[in-house]
Colleague: 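Quick one: the structure is below, and I'll ask about it shortly.
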Amino acid sequence: MSILYHEGAKTFHLANGEISYLMKILPNGGLGQLYFGQAVRDRESFDHLLEMKHRPMTSYVFEGNKFFSLEHCKQEYPAYGTTDFRHPAVELLQPNGSRVTDFVYHSHTVAAGKPALAGLPATYCESGDEAETLTVCLKDSLLGASLFLSYTIFAGQSVIARSARLENGGSEALHLTNAMSLCLDLPDSDYELVHFSGAWSRERHQRVRRLEQGIQSVESTRGHSSHSHNPFIMLRRPGTGEDSGEAIGFSLVYSGNFLAQVEVDAWDTARVTMGINPFGFDWKLSPGESFQTPEAVMAYSCRGMGEMSRAFHRLYRTRLARGQWRDRPRPILINNWEATYFNFTEDKLVAIAQAAQKDGVELFVLDDGWFGARSNDFAGLGDWVASPERLPNGIASLAERIDALGMKFGLWFEPEMVNKDSGLYRAHPDWMLQTPGRRASHGRNQFVLDFSRPEVVEHIYDRIAAVLSEAKVSYIKWDMNRSMTEAYSAALPPDRQGELFHRYILGVYSLYGRLNAAFPHVLFESCASGGGRFDPGMLYYAPQGWVSDNSDAIERLKIQYGTSFCYPISSIGAHVSAVPNHQVNRVTPLSTRANVAAFGTFGYELDLNQLTEEEREQVRAQIAFMKEYREVIQFGDFYRLRSPFEGNFTAWMVVSPDRRTALVGWYKTLNEVNGPYRRVKLRGLDPELCYTVDGGAGHYGDELMRVGLLTTDSAAGERQPDEAASCDYDSRIFVLKA
Ligand code: DGJ
């Protein structure tokens, strides 16, 4: 891994044998982009890659050089208004009303390792030889402002992490109205844009669009990254598959309003920008102040989408997620939400836990409804003390009873919210976001606390810390159940209201960070009505997240498949729930519910006392299976085999790091009569090793990958007496052992 600078050609080359990233100081002093992709050998000059052709009539040129126009240049952090007409990476509103800026190269540093980003989640390294960071300083001399662009390249990984910092070294306040985390100008637009969009309970469905001249984007304006779009996009060449073709993934380590945009210009170049959504953003930079953007990560693969995903998985699982739980197999949990909703007593909870303990569950999670006056969703949020009616003996006592069963105890919080019917609201009515003189719209009868205010964060920290100090709590589910409206902070002056959304998220991060530090043994699971804030920012504080409120196994195939494009399996919270399913009323086999949830951080969300003895036997077997294989699943390499977005069958697999164990999940949506013969080509195995399939016959890895695993089931013909009946929503997990 190296970061080279060639003084003669003023060229930077970030290289690690897998990828190369090339930049050059342009004739105007700005930073230009030359190449990002598969590794190329180094040379003194790559100037020939700087294509500067005279464009008749529409060329707006730089100081008489008719070949140099920013509109025709690939740049690293472009501004608008100085011959580039595309959307910029940075915009600064100045005291005289101008937004024109001119940042030119000043200096650069190369350092071993990777510095942390103050107050923000980011990837990290554990030793200096894991990564190297280039920081290029550009200055706008008229404004006295400096721009620091950081690029980290990791040893052996096809990823680059980027961020920018703006510093106002001038004498007057500036307003930063746009500061992207990354800009990448690609030399052509022969790509498909793949994004993962949807809605509540339908998160991260894969969508594909062809790039064409104009702007295509996904974004959030809701105050959280949202169910609608995810801060991750991919560009792939047409025809790219799971293990062939070129794909570039772009991921923003951020949980608030974001924008991910691709602009294709008249010459078919494509500009990718990603960062805090400029919509409504206005950050006042007083003299001496600086602004740090969130981090963005780009992963390049010339071996298909699967390799790109595994690059993100590796980095995010090992160098974004942190803490004691990062590398530990996750506990098998039972959550009472779908079992009881608000309707529980202490004894009922203990009865659910007892049954679960008998079957091998390790962690009991008490969800919403345990605190204040919370007997429904109209009251109680903000009052983090046990409800005197439901839990008269308090949380510590319940935690003791769970502990006595030999189980860990987990608790739900929704730290960022308040109900008007709460002690917190009555004491501090000005602590919620609301615009003076305007209606305050509620969502699920609740309002958003102003987390841009340190005293609000402090108060909530004290409340949560009090519970964690008094009761044996090993796990927290941190929920967040509404988007922000009428967003306005009573604590910010008018010219800083445009900072609110970002300050809010910084407040969330600071609370998470403080709790992580003070209670390092606690496993956090993030949640926002399911997957409404499932993003890399959250992963830094909570190594797993509740991926969707939709717990139906068949719906989950798409949600978990879509999520896997960027996020590791160890981050995907997945539970077996009751049938008929509470979201879609579908009845699926218990085995399929478990076979889908198995590819995540596994748990149950139902009352096992309601199952038959035969079903309980199945549950015990599922839990034993998960205990045996969860490390392979959660920490192995994940391969997508067949997409639920393309047909009746879904398949995926995980392979252990030593490639001696593999699990293949195979799922059928609707049954078919007399169907075709089927086989699925596996991936990631060692071609030289012979694998038994479910303890039966051995097959070499090359055969399984090139010929395939036969998955034809009894639905293909007349069922034989020794064959299990196939049905709608059927599934299997094949266990392969070398
Ligand atoms: C939304 C979450 O996604 C659910 O799992 C549950 O915790 C409810 N909130 C509780 O209100």
Side-chain angles (χ1 to χ4, degrees), residues 198-204 222-228 230 255 333-344 349 352 363-384 387 390-391 409-419 421-422 442-449 464 473 475-483 508 523-535 538 542 544-553 555-556 559-560 563 571-578 581-584 593 597 600-607:
W200 172 78
S201 273
R202 187 162 45 77
E203 295 90 340
R204 287 172 296 287
R222 309 180 72 95
H224 53 116
S225 47
S226 93
H227 303 88
S228 316
N230 194 260
S255 312
L333 66 80
I334 186 142
N335 177 304
N336 75 307
W337 179 243
E338 287 199 11
T340 65
Y341 296 102
F342 292 111
N343 182 20
F344 60 81
L349 297 175
I352 292 173
L363 166 69
F364 172 79
V365 178
L366 171 52
D367 210 279
D368 194 356
W370 59 268
F371 49 89
R374 187 82 170 164
S375 49
N376 53 43
D377 60 21
F378 284 87
L381 286 173
D383 296 343
W384 301 111
S387 150
R390 273 105 168 296
L391 299 174
F409 178 67
L411 203 52
W412 181 97
F413 285 91
E414 195 176 0
E416 301 153 68
M417 299 292 157
V418 65
N419 285 119
D421 185 359
S422 71
H442 58 82
R444 207 193 185 202
N445 312 303
Q446 66 194 53
F447 300 86
V448 184
L449 286 172
I464 297 177
V473 177
Y475 162 107
I476 285 184
K477 177 174 172 187
W478 178 320
D479 207 347
M480 191 277 184
N481 282 308
R482 65 159 291 184
S483 302
V508 172
L523 169 62
F524 281 82
E525 175 151 351
S526 69
C527 174
S529 309
R533 203 164 59 182
F534 196 98
D535 56 58
M538 285 293 119
Q544 60 191 60
W546 183 228
V547 93
S548 176
D549 272 353
N550 194 334
S551 62
D552 173 72
E555 297 292 305
R556 277 291 187 122
I559 294 168
Q560 292 178 207
T563 302
S571 70
I572 294 179
H575 300 169
V576 174
S577 61
N581 172 266
H582 293 193
Q583 291 77 43
V584 292
R593 282 174 270 153
T601 56
F602 186 78
Y604 291 82
E605 192 154 334
L606 74 174
D607 183 352

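Predicted model, so just to flag it, every value in this text is computed and none were measured. We count residues from 1, following the sequence as given. Atoms within each ligand, like the ligands themselves, are counted from 1 in listed order.
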Colleague: Can you tell me which residue pairs pass the salt bridge (charged side-chain N to carboxylate O under 4.0 Å, His left out) test with a partner in residues 524-535, sequence neighbours excluded?
Modeller: Glu416-Arg533

Colleague: Side chains of Ser483 and His224: do they bring a donor and an acceptor to under 3.5 Å?
Modeller: yes

Colleague: Is there a salt bridge (Lys or Arg N to Asp or Glu O under 4.0 Å) between Arg444 and Asp479? Walk through the geometry before answering.
Modeller: CA-CA 13 Å; Arg444 207 193 185 202; Asp479 207 347; 5.4 Å; no

Colleague: Please determine, by modelled atom types, if Asn481 and Glu414 share a side-chain donor-acceptor pair under 3.5 angstrom.
Modeller: yes

Colleague: Any luck finding a side-chain donor-acceptor pair between Glu605 and Ser551 under 3.5 Å?
Modeller: no

Colleague: Would you please indicate yes or no on a ring centroid separation below 6.0 angstrom for Phe342 and Trp337?
Modeller: yes

Colleague: Under a strict 4.0 Å criterion on non-hydrogen atoms, which protein residues are in contact with ligand 1?
Modeller: Trp337, Asp367, Asp368, Trp412, Arg444, Lys477, Asp479, Asn481, Cys527, Ser529, Gly530, Trp546, Asp549

